Amino acid sequence: MAGVGVTMEVGNDGVAVITISNPPVNALAIPVIDGLKEKFVEATRREDVKAIVLTGKGGKFSGGFDINVFEKVHKTGDISILPDVSVDLVVNTIEDGKKPVVAAIEGLGLGGGLELTMGCHARIAAPKAQLGLPELSLGVLPGFGGTQRLPRLLGLSKAVEMMLLSKPIMSEEGKKLGLIDALVSSEELLRVSRLWALDIAARRKPWIRSLHRTDKLGSLSESREILKVARQQAKQTAPNMPQHLACLDVIEEGIVHGGYNGVLKEARVFKELVLSDTSRGLVHVFFAQRATAKVPNVTDIGLKPRSVKRVAVIGGGLMGSGIATALILGNIYVVLKEVNSEYLLRGIKMVEGNVRGLVARKKLAHDKAEKALSMLKGVLDYSEFRNVDMVIEAVIEKVPLKQTIFSEIEKACPPHCILATNTSTIDLNVVGEKTSSQDRIVGAHFFSPAHVMPLLEIVRTEKTSAQVILDLMAVGKIIKKVPVVVGNCTAFAVNRTFFPYTQGSHLLLNLGVDVFRIDGLISRFGLPMGPFQLQDLAGYGVALAVGKELKAAFSDRSFRSPLVELLVKSGRNGKNNGKGYYLYEKGSKPKPDPSVLPIIEECRRVTNVMPGGKPISVSDNEIVEMILFPVVNEACRVMDEGVVVRASDLDVASVLGMSFPSYRGGIVFWGDTVGPNHIYTSLKKWSELYGSFYNPSRFLEERATKGIPLSAPASTSPGSRSRL
Ligand SMILES: C[C@H](O)CC(=O)SCCNC(=O)CCNC(=O)[C@H](O)C(C)(C)COP(=O)(O)OP(=O)(O)OC[C@H]1O[C@@H](n2cnc3c(N)ncnc32)[C@H](O)[C@@H]1OP(=O)(O)O
């Protein structure tokens, strides 16, 4: 690997500068760790070296341990490839070494990177360096002594917060909290660090071993109280993950039995966690998310994204105003168009509400909010469209309306302008049928609320140009979304994959399973709420409109139930009017509404699907599977038809668009974890008992019977088609 390794230069001042090099983020790959050991041993041995400075090449200290190594462990199950950094390198060689070491930090000091610096005897940083221990977000815990040294350097409370939330701080805050000893400009960084190291060697500055400090830890009873509260929070916020509680246990070990014992326990627990399903899932999502940036024949053919400075959004409803919010927050000028001034005013108010909501939740600074709002202009006609670079249509899901809008914007916009639609279900070829601009028509499918949800599903047809796709991907990045490029089909990749989720829940309900039991089990599985509460939240109008489209397109596997119509008839409209499956009162949590049960009974009488007229008896586990296996089954069809570039794109989309738990790795990854054969045989059994909704797909059957993972590339599956 070019440029990977560690160099050492010894200056006339007697300072050895040891530099980590592994672009782009100086990850601590195994050869880097070997190189560090070698250079530290050499610097310690050499008589002309009085002190050491440790730094990273190219303006970044280090983004942490090489996550590829975790992936290797997950594939092989072999943990012996994990090097002993914690004791051998950080404690014995750096912290307890004979020469003082100063870390010179710029850009990034994350994970193992920050942990190396904490083993040094002082830390000097340039402004705006990111410092953090995000290991828990990968299903492990800090494994180079971070669980012990961070609390000792900046106090237990803040250290626990940074680790449990995987939230970095900036070097400015690090200086205030005592993690950083001095903050200096990038230009001064090495000079000051060298002098600092020499000062320590000459005992003009203290020679501090962090692991031996206790001054910031507080009393044992205070520490126990902090850990108790943190444990309660972790149980609530991360109930299905082991690493949060494990991390708190390891921290406690060090507080009770001393830092070194804490380091030893940390190393043991780290190895257990690396092998957990949680770590497998989270590491998979880490790489899967980055892989979405690579789209064959789009990002690999030498094209450069064109700049998109002005965007017109058509429709100021919930979606349009959310999209406009996301764009102005990304510093993109927005022209928001509505059909009359009343709707326009409402749309602008919604954007303002979105932006001010972020300020109220402390997610956006006041001046940034004002700047963003100054980028918005409301209009009632197309005259401002003559100099926009992109239009995003976000009107209601009516084909003739969309077709008219597209033929109008084709005339009103310049020829380079991208013509995007936010439709969630309608075929893009139909939307653009009345234009001759098929090459610049593309889907920009946002998820509600559009200024919050991180996924941008980019839908291409066979005619959409690579340039247009690349431009939209770049816009997605600017507005801090993760763009996933998919092919054109009814409901595209995400809504299509998840349509059996709602259907499966309704089928189970009609088979006699309790509505609140279903919601409870799905929440316990890890989705933020159950399918019925989600339906309440999205509104029944959406459920009826989208349901109709999907049932028409996939009639062979659609379950028809009149429940939503019956609910509407009884005066319910979900969260919108405070009455759905749940009752909604301001300021309190949704409460299950028992008066919905007779309506469900009425629905059951109509559908009459209960075998022998009696509710089926199913275990909790089976309920979850009867809802999610049909989703995996549809994911198989989506992959079979080549709607996604790779299986992992569906994983990312399911996590970021549907809030499928990331620690389960996404829908396909989870399917492979559970096992294609178990899914196939279960679906087959249910299809015999409860009908064609559960019929296994051709793709699933083939993979299950041949023992091929669902995520294996399409070439393994003869006869598969591609829409990309
Ligand atoms: C024992 C220890 O305690 C265990 C650990 O240290 S675990 C690792 C802890 N560190 C982390 O979790 C940091 C993970 N990385 C990140 O958060 C982000 O990549 C970052 C903030 C460093 C940079 O973000 P950004 O500039 O947007 O670049 P991003 O696209 O994410 O990454 C650039 C490339 O570096 C790779 N990369 C980033 N961090 C990496 C790491 N720690 N190991 C291996 N590769 C890494 C990415 O996979 C990506 O590769 P690609 O170009 O081939 O797709």
Side-chain angles (χ1 to χ4, degrees), residues 1 3-4 20-33 36 56 58-74 79 81-91 105-119 128-150 162-163 165-170 243 246-247 250-251 263 266-274 279 282-295 299-300 454 473 476-478 480-483 646 648-649 652 662:
M1 284 183 285
V4 178
I20 301 165
S21 169
N22 185 7
V25 302
N26 291 335
L28 303 171
I30 309 263
V32 171
I33 288 165
L36 281 168
K60 287 170 187 161
F61 186 84
S62 168
F65 185 59
D66 181 0
I67 303 170
N68 292 291
V69 179
F70 292 156
E71 205 179 39
K72 217 179 224 170
V73 172
H74 295 155
I79 47 167
I81 59 171
L82 293 171
D84 173 11
V85 179
S86 184
V87 172
D88 185 42
L89 181 65
V90 186
V91 175
I105 311 163
E106 213 180 344
L108 290 173
L110 294 177
L114 183 65
E115 292 175 281
L116 282 185
T117 76
M118 293 193 289
K128 301 228 159 14
Q130 270 188 68
L131 310 171
L133 295 180
E135 284 90 340
L136 269 65
S137 66
L138 295 167
V140 292
L141 46 64
F144 296 171
T147 59
Q148 306 305 310
R149 292 189 183 87
L150 195 64
M162 281 174 67
M163 285 186 260
L165 300 180
S166 291
K167 203 172 146 199
I169 55 172
M170 288 295 174
Q243 72 273 29
C247 180
V250 167
I251 294 173
V263 164
E266 181 194 89
R268 279 197 309 275
V269 176
F270 182 87
K271 288 190 173 163
E272 287 164 23
L273 288 174
V274 176
S279 176
L282 289 169
V283 167
H284 170 71
V285 171
F286 176 85
F287 286 118
Q289 189 166 323
R290 279 145 186 91
T292 60
K294 295 172 185 113
V295 182
T299 56
D300 55 359
M473 288 175 75
K477 282 246 139 102
I478 291 170
K480 300 204 167 64
K481 304 285 174 207
V482 176
R646 48 183 92 76
S648 65
D649 284 1
V652 174
S662 54

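None of the values given here were measured: they were computed from a predicted structure. Whatever order the structure lists ligands and atoms in, that order sets their numbers, starting from 1.
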Considering all protein heavy atoms, does one lie under 4.0 Å from [atom]?
atom                    : result
atom 27 (O) of ligand 1 : no
atom 39 (N) of ligand 1 : yes
atom 22 (C) of ligand 1 : yes
atom 50 (O) of ligand 1 : no
atom 15 (N) of ligand 1 : yes

N or O contact, [X] vs ligand 1, cut-off under 3.5 Å:
X      : value
Gly63  : yes
Gln130 : no
Pro24  : no
Ala27  : no

**OP:** Indicate whether the side chain of His74 and that of Ser279 have a donor and an acceptor atom separated by less than 3.5 Å.
**Re:**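 There is such a pair (donor and acceptor under 3.5 Å, judged by atom type) between the side chains of His74 and Ser279.
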Subject >> Nearest neighbour of atom 46 (C) of ligand 1 from the list Leu110, Leu108, Val25, on a heavy-atom basis >> reply: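 Checking each option, the heavy atom nearest atom 46 (C) of ligand 1 is found in Val25.
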Original post:
Any idea which of Arg290, Glu71, Glu266, Glu135 brings a heavy atom closest to atom 48 (O) of ligand 1?
Top reply: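 Checking each option, the heavy atom nearest atom 48 (O) of ligand 1 is found in Arg290.
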Original post:
With a 6.0 Å cut-off on ring centres, are Phe65 and Phe70 close enough?
Top reply: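 Yes, the ring centres sit under 6.0 Å apart.
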Original post:
Hey, what do you get for CG (Leu36) to CG (Leu116), rounding to the nearest 0.5 Å?
Top reply: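 One gets 6.0 Å once the value is rounded to the nearest 0.5 Å.
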Subject >> Distance in Å, Glu266 CD paired with Leu273 CG, rounded so as to fall on 0.5 Å steps >> reply: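 If I round to the nearest 0.5 Å, the distance is 10.5 Å.
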Original post:
Does ligand 1 have a heavy atom under 4.0 Å from the side chain of Leu138, from its backbone, from both, or from neither?
Top reply: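 Answer for Leu138: side chain.
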Original post:
Can Pro134 be said to touch ligand 1, with heavy atoms closer than 4.0 Å?
Top reply: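 Distance cut 4.0 Å: Pro134 passes for ligand 1.
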Subject >> Contact check, Lys294 vs ligand 1, heavy-atom distance below 4.0 Å >> reply: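 Lys294: in contact with ligand 1 (<4.0 Å).
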Judged by atom type as modelled, is there a donor-acceptor pair below 3.5 Å linking the side chain of [X] to the main-chain atoms of [Y]?
X      : Y      : result
Thr147 : Pro142 : no
Ser21  : Gly3   : yes
Glu106 : Phe61  : no
Gln243 : Leu136 : yes

**OP:** Identify, by atom number and element, the atoms of ligand 1 in contact range of Gly143, meaning under 4.0 Å from any of its heavy atoms.
**Re:**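 Reading through ligand 1 atom by atom, the close ones are 1 (C), 2 (C), 3 (O).
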